[in-house]
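These notes concern the structure reproduced below.
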Amino acid sequence: MKLIFLGPPGAGKGTLAALVAERFSIPHISTGEIFRAAIREKTPLGLKVQAIIDGGQLVSDDITIALVKERLSKDDTNRGFILDGFPRTIPQAEALAGIVEVDSAVNFDIADNEVVSRLSGRRVCRGCNRNYHVVTMPPAKEGVCDKCGGELFVREDDKVDAISKRLEVYRAQTAPLIEWYRGKGKLTDIDARPASGVILEKFTAIFQK
Ligand code: AP5
Ligand code: MG
């Protein structure tokens, strides 16, 4: 199962990807997560991309494509993978097509107002990166991760200005990929509004052979 998760920021790509990766035992590859780890560890890559990500802009195609190419060369991707948040531009999609053939691009369909409330309520664990939402997916104890006990924080790019920038960038640069993949007969639309457990079951019904 070689899949791309496509959709606006805050659509729930990372949340569903974590559930699907566990259910189907395939790696969840999030370019955003790889960049955030580099920022946390203050690597040369992290220092280069921090301001771009905090401001809600896209990292350059060259950097992102090289990173994904490297990741997809690892053996754990042989049985399948989920690419969460890549590709995000037509040049990235063209580069990916030259690296591997994906089975489907899963398009998370959701309205802007829902995206804004999901992002502004998101909390992320500093320890294990698990996502929560203060209203729809709260932790058992406020500010503390259920899984590892880590501290929950607000992502810098979940502040109001960065959210609107990300939506603008999504519309201009990423949304055209929907028709690009549809034209290749590879698009699967998924209604991203229900609870994540409901989406997981629908997803499984579509993709389980
Ligand atoms: P990235 O990390 O990919 O961010 P994003 O695409 O903006 O998506 P998010 O992670 O914000 O949202 P999500 O869809 O994963 O939603 P989530 O599951 O967390 O990228 C970050 C940055 O890195 C980019 O802006 C860019 O700078 C750079 N970058 C990354 N990839 C790049 C690329 N290919 N090229 C160039 N630059 C790149 O859910 C959101 C919230 O909703 C959570 O609080 C969650 O608990 C809640 N929620 C989730 N599902 C549901 C549900 N079904 N019902 C109710 N609540 C839900
Ligand atoms: Mg995500």
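Atoms within each ligand, like the ligands themselves, are counted from 1 in listed order. If you read the sequence from its start, that first residue is 1, and numbering goes on from there.
Counting only non-hydrogen atoms, the option in Phe35, Tyr170, Tyr132 that gets closest to atom 44 (O) of ligand 1 is Tyr132.
Ligand 1 does not have Asp61 within reach: every non-hydrogen atom of the residue lies 4.0 Å or more from it. For the pair Gly7 and ligand 1, no heavy-atom separation below 4.0 Å is found. Close to ligand 1: Pro194, with a non-hydrogen atom less than 4.0 angstrom away. Ligand 1 is approached by Ala11 to a heavy-atom distance shorter than 4.0 Å.
Looking at Thr15 against ligand 1, both its backbone and its side chain come within 4.0 Å, counting heavy atoms. The side chain of Thr64, and not its backbone, has at least one atom closer than 4.0 Å to an atom of ligand 1 (non-hydrogen atoms only; side chain from C-beta on). With a 4.0 Å heavy-atom cut-off, ligand 1 is reached by the side chain of Leu119 but not by its N, CA, C or O. Under 4.0 Å from ligand 1, the heavy atoms of Met137 that appear belong solely to its side chain. Neither the backbone nor the side chain of Val169 has a heavy atom within less than 4.0 Å of ligand 1. The residue Ser60 has no part lying near ligand 1, judged by heavy-atom distances below 4.0 Å. Only the backbone of Gln57 comes within 4.0 Å of ligand 1, judged by heavy-atom distances.
Residues forming a side chain to side chain donor-acceptor pair (under 3.5 Å) with Asp76 (at least two apart in sequence, or on another chain): Arg71.
The shortest N/O to N/O separation between Asn131 and ligand 1 falls below 3.5 Å. For a threshold of 3.5 Å applied to N or O pairs, the pair formed by Arg118 and ligand 1 contains at least one separation below that value.
Distance from atom 3 (O) of ligand 1 to its nearest protein heavy atom, with residue and atom name: Arg88 NH1, 3.2 Å.
A salt bridge does not link Glu156 to Arg36: none of the charged side-chain nitrogens sits closer than 4.0 Å to a carboxylate oxygen. The pair Asp158-Arg166 meets the salt-bridge criterion, with a side-chain N (NZ, NE, NH1 or NH2) lying under 4.0 Å from an Asp/Glu carboxylate O.
Not a single donor-acceptor pair under 3.5 Å links the side chain of Thr188 to the backbone N or O of Ser104.
The ring pair (Phe, Tyr, Trp, His ring centres under 6.0 Å) contacts involving residues 113-164 comprise nothing, where partners must be two or more places apart or lie in separate chains.
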